[in-house]
Structure formats: C-alpha cells, structure tokens
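This report refers to the structure that appears directly beneath it.
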Amino acid sequence: MIQYILKLVVSLGLFAWLLWSGEIRLEAFQQLARYKIYLAGVLCTQALLFLLAALRWRILARAFLMEVPYFRILKFFLMGEFFSLFFLGALGGDLSRMLFLGSHEPQKKAAAVLTVILDKAIALWVLCGIGFSALWGYQPPPGTEAWVGTL
C-alpha cells in the first residue's frame with residue numbers, strides 16, 4: 001500500500017515540477033477542453049496501441065520460449081515508455097525493457113535483448129509501410145505542384 005502512495009506522490013510531484021518549470025502550459029489544457037471528443041479518441045487510440053505493442057512483444061518473447069504473463073509484459077512495456085519519455089532518452093525505454101525482461105528470465109538475457117531489437121525492427125517496418133502507402137495515393141493540392149517538385 002505504501003508503494004502505491006509513494007508512486008502517486010512521485011507522479012504528482014513530477015507533474016507539479018513540469019507545470020512550475022513552464023514545460024507544460026495550462027492554456028494548452030484549456031484548448032483540449034474545447035475538443036473533448038477528439039481528446040477521448042486520441043487517448044483511446046493510444047491505449048489500444050500500447051496494448052497491441054505489448055502483445056507484439058509478448059509474442060516475440062514466447063517465440064524465444066519466455067513464458068511471461070501478458071500483464072507483466074504490459075507493465076514492462078509501460079515502464080519502458082515512461083523511461084523513454086522522462087529519463088534516459090529515446091534508448092532508455094528500450095534498455096529498461098531489456099533489463100526488466102532479463103531480470104524476469106535471468107537464464108535468457110540474450111533472448112531478452114533480441115526480443116526488444118526485433119520488436120523495434122517490426123515497428124519500424126510497419127511505420128515504413130504506413131508511410132509508403134500514404135505517399136502512394138497522395139495528390140498535392142492544386143497550385144503546389146511546382147513547390148512539391150523541388151523536394
């Protein structure tokens with residue numbers, strides 16, 4: 001029970017620090033309040049993407065004979081996302097995911113590293129596919145053909 005209270009205090013402390021430092025402006029929250037349905041859609045979509053990404057990582061872990069429950073994988077994934085956003089930079093989340101999974105399966109640390117690398121590679125190829133399919137049907141707006149041609 002005390003650890004949940006400490007987590008809440010640390011989270012609220014970080015949020016207060018971000019507000020105080022000026023990194024988060026309260027005016028932005030007022031703008032979000034005007035578009036509640038879009039905000040709800042974005043939050044639901046992001047939650048679904050997190051759940052699917054954790055499922056993808058669990059499938060990779062199972063391919064390496066690592067039996068880790070889905071909610072534990074989801075917990076590792078969300079902790080990795082936290083470290084990517086707030087602490088160690090872009091690679092911090094991936095390194096923390098490797099460490100978390102490696103500590104859960106100590107005899108398969110190399111496999112834990114490989115699952116995160118493959119997970120990132122799959123995500124990259126999916127993003128490339130989405131980008132290429134979006135460009136495939138792209139038609140520049142009228143009057144911008146010459147400007148787009150210079151790119």
Side-chain angles (χ1 to χ4, degrees), residues 1-138 148 151:
M1 177 68 175
I2 190 80
Q3 74 182 33
Y4 295 112
I5 293 171
L6 287 174
K7 287 179 186 179
L8 181 63
V9 167
V10 168
S11 298
L12 290 175
L14 283 172
F15 187 69
W17 176 73
L18 286 171
L19 284 174
W20 178 75
S21 67
E23 294 294 323
I24 296 178
R25 295 183 321 235
L26 291 177
E27 298 86 34
F29 288 108
Q30 291 171 345
Q31 291 294 328
L32 287 175
R34 292 178 44 202
Y35 303 102
K36 291 179 183 92
I37 190 70
Y38 295 120
L39 179 62
V42 166
L43 292 176
C44 289
T45 303
Q46 186 64 49
L48 179 65
L49 290 175
F50 280 155
L51 294 172
L52 290 174
L55 180 64
R56 180 183 65 216
W57 190 32
R58 181 167 190 262
I59 291 169
L60 281 170
R62 288 187 69 193
F64 286 97
L65 304 174
M66 301 171 110
E67 288 300 323
V68 184
Y70 174 74
F71 287 106
R72 182 119 180 153
I73 287 281
L74 181 62
K75 178 181 170 183
F76 292 159
F77 182 80
L78 292 176
M79 286 190 290
E81 288 298 312
F82 171 78
F83 286 120
S84 287
L85 290 173
F86 290 108
F87 284 121
L88 305 172
L91 291 177
D94 297 333
L95 292 175
S96 64
R97 285 173 46 198
M98 291 175 195
L99 291 173
F100 294 143
L101 190 57
S103 67
H104 189 272
E105 296 273 345
Q107 67 277 14
K108 298 180 181 177
K109 288 185 180 183
V113 170
L114 198 54
T115 61
V116 174
I117 292 171
L118 288 174
D119 182 50
K120 285 297 178 183
I122 291 169
L124 175 66
W125 282 105
V126 168
L127 283 175
C128 287
I130 291 169
F132 286 133
S133 63
L135 287 174
W136 186 267
Y138 176 73
V148 173
L151 295 178

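Here, residue 1 is the first one in the sequence, and each next residue gets the next number.
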Residue list, ring pair (Phe, Tyr, Trp, His ring centres under 6.0 Å) with Phe50, at least two apart or on another chain: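 Once residues adjacent in sequence are excluded, the partners of Phe50 under the ring pair (Phe, Tyr, Trp, His ring centres under 6.0 Å) criterion are Phe77.
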
Would you sort out whether Phe64 and Leu118 count as a side chain to side chain contact (heavy atoms under 4.5 Å, CB included), showing the intermediate values? CA-CA 12 Å; Phe64 286 97; Leu118 288 174; 4.0 Å; yes

Between [X] and [Y], which heavy-atom pair has the shortest distance, and what is it?
{"X": "Met66", "Y": "Thr115", "answer": "SD-CG2, 4.4 Å"}
{"X": "Ser96", "Y": "Gly80", "answer": "OG-CA, 3.4 Å"}
{"X": "Ile73", "Y": "Leu101", "answer": "CD1-CD1, 4.2 Å"}
{"X": "Val68", "Y": "Arg58", "answer": "O-NE, 2.9 Å"}
{"X": "Ala112", "Y": "Gly102", "answer": "CB-N, 3.8 Å"}

Using a 6.0 Å cut-off, check whether atom CD1 of Ile37 has over 12 heavy atoms from anything other than its own residue.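 No, CD1 of Ile37 has 12 or fewer neighbouring heavy atoms, counting only those of other groups under 6.0 Å.
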
Any heavy-atom pair between the side chains of [Y] and [X] that's under 4.5 Å?
{"X": "Trp57", "Y": "Val116", "result": "yes"}
{"X": "Ile117", "Y": "Met98", "result": "yes"}
{"X": "Phe82", "Y": "Leu14", "result": "yes"}
{"X": "Arg56", "Y": "Asp119", "result": "yes"}
{"X": "Phe83", "Y": "Leu99", "result": "no"}

Is the backbone N or O of [Y] less than 3.5 Å from a side-chain atom of [X], with the two atoms forming a donor-acceptor pair by type?
{"X": "Arg97", "Y": "Phe76", "value": "no"}
{"X": "Lys108", "Y": "Leu65", "value": "yes"}
{"X": "Tyr70", "Y": "Ala54", "value": "no"}

What is the distance from atom [atom1] of [X] to atom [atom2] of [Y], rounded to the nearest 0.5 Å?
{"X": "Leu95", "Y": "Phe100", "atom1": "CG", "atom2": "CZ", "result": "10.5 Å"}
{"X": "Leu39", "Y": "Lys36", "atom1": "CG", "atom2": "NZ", "result": "9.5 Å"}
{"X": "His104", "Y": "Lys75", "atom1": "NE2", "atom2": "NZ", "result": "9.5 Å"}
{"X": "Ile122", "Y": "Lys120", "atom1": "CD1", "atom2": "NZ", "result": "11.5 Å"}

